[in-house]
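Report on one structure; see the data block that follows.
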Amino acid sequence: MDILKQLNKVIYYTEENLEEEISPDIISQIACTSYDSFCRFFSYITGITFAEYIRRRKLTKAAYDLRSSDDKVIDIAVKYGYSGADVFRKAFTKQHGIPPTAARDVSVSLNVYPPVSFHVIFKGAEKMNFRIVETEEIEVYGVSRHFNGTSAERYEMEHTMWATDCDFVPSQICEGFDGKWYGIWNDGHYMIARDKSDTTGVDLEKDIIPTGTYAAFTTEKGGYAGDELPKLHDLIFNSWLPDSGYVQAGNLEIEVYHLRTGDAERKKNRYYEIWIPIKEK
């Protein structure tokens, strides 16, 4: 579809010129329509204005620069078109919830926005809560299953292991459902596990989450794992990782479930994370 090619070319041009002035005339030429028409179409299908998208991408790139370099804040502000440190600080804090100086701490969460890409459906333009985690090894105990299949089938197997009307592995590990759980994918195996102090089951398998550097992504609160984790996984590997300056280190993927069951108010506070081991490109 020509329109999809044109839209993706506009995004490519925008990404290549985040440190420069983005020309409405050039975008109009690439999109084969007026700049105003392009902006209206972009806003309609993404839910944000094109100007807001550019702002989010500049501040995402600025956050990466703060993490990966010793450049002064004012230099990074000017690099992305801000007239002064104070204007940059206000914009940065509005997006990330922290001032630029605090973003140098890799353990602090950032609200990053991967570049949008257009297909028959579009992906990207969504906020991702992201932080770097440096962890010592974590010893966990649980139950695993071997698996061969597609990505979609993998989540079906997860559902079978977690579901009360199928295997319901959690009941083999401990009594109760609240607290922190791990779902560990590693070389064709999926394991549901907890810290040893949280287990009551017998003959559980031992596994080690290795020491290392992980990119950790957090969902909003209140959703269901079967909806939130596949969506987050797709954003990480199709949008964030290609843009991040990192590559995945090995095949390990860790899901962290912060579960709250019982009354409706407690359910609203459950959320999930995906951790992937990373190294710089």
Check the side chains of [Y] and [X] for a donor-acceptor pair under 3.5 angstrom, ignoring hydrogens and angles.
X	Y	value
E205	S144	yes
Y141	E139	yes
R40	S43	no

Hydrophobic cluster membership, with links at side-chain heavy-atom distances under 4.5 Å among I/L/V/M/F/W/Y: are [X] and [Y] in one?
X	Y	answer
I278	V106	yes
M157	I192	yes
V108	Y271	no
L235	I132	yes

[X] ring center near [Y] ring center (under 6.0 Å):
X	Y	value
F130	W240	yes
F42	F50	yes
F237	H233	yes

Tracing side-chain links under 4.5 Å among I, L, V, M, F, W and Y, which residues wind up in one group with [X]?
X	result
V78	I74
V133	I138, V140, Y182, I184, M191, I209, Y214, L252, I254, V256, W275
Y12	none

Summary of salt bridge (Lys or Arg N to Asp or Glu O under 4.0 Å) pairs that have at least one residue in [range], sequence neighbours excluded:
range	answer
residues 242-262	R57-D243, K61-D243, R154-E253
residues 92-111	none
residues 80-90	D86-R89, D86-K90

Quick one: does any side-chain atom of [X] pair with a main-chain N or O of [Y] as donor and acceptor, under 3.5 Å?
X	Y	result
R194	G142	no
H146	G188	yes
D234	P230	no
S244	Y246	yes

Please examine the side chains of [Y] and [X], heavy atoms only from C-beta on, and report whether any two atoms are closer than 4.5 Å.
X	Y	answer
K180	L259	no
I11	L7	no
V73	F92	no
T200	C174	yes
E156	H159	no
V247	L241	no
E158	Y155	yes

Carefully, step by step, assess L66 and I76 under the rule side-chain contact (heavy atoms from CB on, under 4.5 Å). CA-CA 8 Å; L66 287 164; I76 293 175; 3.6 Å; yes
Separation between [atom1] of [X] and [atom2] of [Y], rounded to the nearest 0.5 Å:
X	Y	atom1	atom2	result
K221	K268	NZ	NZ	12.5 Å
I54	E15	CD1	CD	10.0 Å
I173	T199	CD1	OG1	8.5 Å
M161	D167	CE	CG	7.0 Å
K9	C32	NZ	SG	8.0 Å
Q248	I236	CD	CD1	9.5 Å

Pairs involving residues 62-86, ordered by first then second residue, that meet ring pair (Phe, Tyr, Trp, His ring centres under 6.0 Å) (sequence neighbours left out): Y82-F88
In sequence, state the C-alpha distance, the side-chain angles, and the governing distance for R55 and K58, and then conclude on side-chain contact (heavy atoms from CB on, under 4.5 Å). CA-CA 5 Å; R55 186 189 69 81; K58 285 177 178 283; 5.9 Å; no
Please identify each residue that fulfils side chain to side chain donor-acceptor pair (under 3.5 Å) with [X], with sequence neighbours left out.
X	result
T219	none
D187	N251
R67	none
E134	T213

Looking at E220, I'd like to know if its CD atom is crowded, meaning that more than 12 non-hydrogen atoms belonging to other residues, nucleotides or ligands lie closer than 6.0 Å. no
Where do I98 and L110 land on the side-chain contact (heavy atoms from CB on, under 4.5 Å) test, with the steps shown first? CA-CA 8 Å; I98 55 173; L110 298 170; 3.9 Å; yes
Parallel, tilted or perpendicular: which one describes the rings of W185 and Y190, with boundaries at 30° and 60°? tilted
Looking at every non-hydrogen atom in both residues, tell me the closest pair between G223 and R270 and how far apart they are. O-NE, 3.1 Å
Do any side-chain atoms of residues 23-31 form donor-acceptor pairs under 3.5 angstrom with protein atoms, and if so which ones, sequence neighbours left out?
unit_1, atom_1, unit_2, atom_2, d
S23, OG, D25, N, 3.3
S23, OG, I26, N, 3.2
S28, OG, T33, O, 2.5

Start with the C-alpha gap between Q95 and Y113, add the side-chain angles, then the distance that decides, and say whether side-chain contact (heavy atoms from CB on, under 4.5 Å) holds. CA-CA 10 Å; Q95 174 160 316; Y113 292 84; 3.6 Å; yes
Result for ring pair (Phe, Tyr, Trp, His ring centres under 6.0 Å) between Y272 and one of W162, W181, Y257, F217 points to Y257
Electrostatic pair K79-D65, nearest N-O below 4.0 angstrom: yes
Under 4.0 Å between a side-chain nitrogen and a carboxylate oxygen: does that hold for E273 and R131? yes
